[in-house]
Amino acid sequence: MIENVMPNETTIPLMPCVSVSETLDFYRCLGFEVVHEQTRPYVYLALSHRGFHLHFGTAPAQLDPVREDGGGCLVMVDEVAPYHAAFTAAMRATHGKVLTSGLPRITRYRAGASRFTLIDPSGNSIIFIQRDEPATFEYGGSKSLRGLARAVDNARILIEFKNDDQLAHRVLTTGLARHGENADPLDKAKALAMLIETATVLDRPEETAPWRDLLARIPLDAEQRGQVEAVLRNVAQVPLSAGPEAEGEESVS
């Protein structure tokens with residue numbers, strides 16, 4: 001215990017900067033204010049956005065932004081959705097699209113999710129987390145669930161918290177093969193919708209047609225259809241390599 005010290009500390013992350021111009025362009029686009037800009041005798045940048053600050057210094061010579069292991073920062077907020085909406089709107093205004101692949105980029109926001117990540121040009125991850133997010137997660141899916149429902153929950157965690165669409169896709173494919181025949185209709189519909197989403201993200205949209213046909217044949221009431229459409233809305237946020245970014249929303253016929 002430190003005696004005679006008031007507990008009013010403030011921490012500010014200091015992350016590596018590979019390119020001053022690319023870093024400033026990225027964060028200015030998102031609405032950050034550049035408080036300090038220095039390139040000599042060494043790089044030091046100070047940026048602020050509303051109530052938090054990000055600082056950047058000279059990157060180590062061996063740092064490769066592609067590995068995305070430069071640094072990171074957690075930003076705790078009351079609600080993450082407004083931040084994601086503001087950042088994606090800013091990207092559209094500047095770039096004509098949402099940056100969802102490569103560097104820099106933003107991970108997509110799924111309805112009801114409690115976090116998303118900004119990855120900047122130096123490979124730093126700025127993770128926005130909702131304050132009421134559960135303290136623990138059951139990787140592998142909730143133990144209170146069984147069969148396809150557990151696979152769907154596992155895939156959700158992989159997508160939202162690990163940004164691992166490849167593994168989520170595999171989990172959903174395996175789950176449908178093992179449990180799809182006798183699964184609850186809503187669980188099956190969610191699994192198919194998430195497969196459509198992950199296949200699109202993985203740039204394999206040609207795989208989605210059979211799943212869309214299966215999904216269209218599953219009987220759902222209005223409330224269930226709304227849950228599935230919430231998943232499919234994420235597909236509209238994913239730009240396809242063969243053309244411009246998709247617009248509008250998908251619907252379950």
Side-chain angles (χ1 to χ4, degrees), residues 15 17-35 37 45 47-54 56 65-66 68 70 72-130 159-161 163-165 168 193-194 196-205 208 226 228-252:
M15 294 174 286
C17 172
V18 173
S19 168
V20 170
S21 60
E22 290 180 6
T23 296
L24 293 179
D25 287 347
F26 175 66
Y27 285 102
R28 278 180 170 139
C29 158
L30 300 178
F32 282 74
E33 177 187 358
V34 178
V35 178
E37 178 181 347
L45 308 176
L47 296 90
S48 69
H49 186 283
R50 296 169 63 88
F52 70 94
H53 302 265
L54 302 176
F56 299 86
V66 174
E68 299 182 12
C73 172
L74 306 181
V75 184
M76 310 303 295
V77 298
D78 291 335
E79 293 183 70
V80 295
Y83 286 87
H84 193 276
F87 292 152
T88 53
M91 287 179 177
R92 284 193 182 97
T94 301
H95 303 284
K97 64 179 182 179
V98 179
L99 305 177
T100 58
S101 61
L103 291 177
R105 70 179 187 278
I106 186 172
T107 61
R108 63 197 186 283
Y109 174 75
R110 309 178 83 251
S114 57
R115 63 171 64 189
F116 71 88
T117 304
L118 289 171
I119 300 93
D120 75 9
S122 298
N124 299 305
S125 294
I126 316 302
I127 307 172
F128 287 75
I129 302 177
Q130 204 153 290
I159 292 170
E160 293 179 7
F161 300 101
N163 293 323
D164 196 336
D165 292 286
M194 292 172 75
I196 293 168
E197 177 188 4
T198 53
T200 304
V201 171
L202 295 170
D203 201 19
R204 303 204 299 256
T208 65
V228 175
E229 287 178 341
V231 177
L232 288 176
R233 274 193 288 271
N234 294 304
V235 179
Q237 300 179 26
V238 181
L240 303 181
S241 60
E245 183 178 7
E247 297 290 342
E249 298 181 353
E250 298 281 349
S251 62
V252 180

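Keep in mind that this is a model prediction, so the values were computed, not measured.
What you find for Leu54 and Cys73 is that their closest heavy atoms are CD2-SG, 3.9 Å. For Ser122 against Ser19, the heavy-atom pair with the smallest separation is OG-N, 4.3 Å. Nearest approach of Cys17 to Thr23, heavy atoms of both residues: SG-OG1, 3.4 Å. Considering every non-hydrogen atom in both Glu197 and Arg108, the closest pair reads OE2-NE, 2.7 Å.
The closest side-chain heavy-atom distance from Val34 to Leu45 is not below 4.5 Å. The shortest side-chain heavy-atom distance between Val80 and His84 does not fall under the 4.5 Å cut-off. In this structure the side chain of Arg115 never reaches within 4.5 angstrom of the side chain of Thr107, judged on heavy atoms. When side chains are defined from C-beta on, Pro104 does not count as touching Ile119, because their heavy atoms never get closer than 4.5 Å. In this structure, the side chains of Ile106 and Leu99 stay at 4.5 Å or more apart for every pair of heavy atoms. Residues Arg105 and Thr100 form no side-chain contact, since every pair of their non-hydrogen atoms from C-beta on lies 4.5 Å or further apart. Side-chain contact between Tyr83 and Phe116 is present, with heavy atoms from C-beta onward closer than 4.5 Å. Inter-residue side-chain proximity for Pro121 and Leu103 is flagged as unmet; no heavy-atom pair is nearer than 4.5 Å.
Remark: the backbone N or O of Met91 is not paired with any side-chain donor or acceptor of Thr94 at under 3.5 angstrom.
Here the CG atom belonging to Asp164 is positioned 10.5 Å from the OG1 atom belonging to Thr198, to the nearest 0.5 angstrom. One finds the CG atom of Asp203 at 12.0 Å from the CG atom of Asp165 (value rounded to the nearest 0.5 Å). For the atom pair CE of Met15 and CD1 of Ile126, the computed distance is 3.5 Å after rounding to the nearest 0.5 Å. Separation of atoms CD1 (Ile129) and CG (Leu74) is listed at 4.5 Å; rounding is to 0.5 Å. Distance check: Glu160 CD to Thr117 OG1 gives 11.5 Å after rounding to the nearest 0.5 Å. Taking CZ from Arg92 and SG from Cys29, the interatomic distance works out to 12.0 Å, rounded to the nearest 0.5 Å.
Take His49 and apply the ring pair (Phe, Tyr, Trp, His ring centres under 6.0 Å) test, not counting sequence neighbours, and it matches Phe32, Phe52, Phe87. Not counting sequence neighbours, Glu79 has no partner by the salt bridge (Lys or Arg N to Asp or Glu O under 4.0 Å) test. Take Phe56 and apply the ring pair (Phe, Tyr, Trp, His ring centres under 6.0 Å) test, not counting sequence neighbours, and it matches Tyr27.
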Q: Before giving the answer on side chain to side chain contact (heavy atoms under 4.5 Å, CB included), spell out for Leu118 and Phe26 the whole-Å C-alpha distance, their side-chain angles and the decisive distance to 0.1 Å.
A: CA-CA 10 Å; Leu118 289 171; Phe26 175 66; 4.3 Å; yes
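Around atom CZ of Arg204, more than 12 heavy atoms belonging to other residues, nucleotides or ligands sit under 6.0 Å away.
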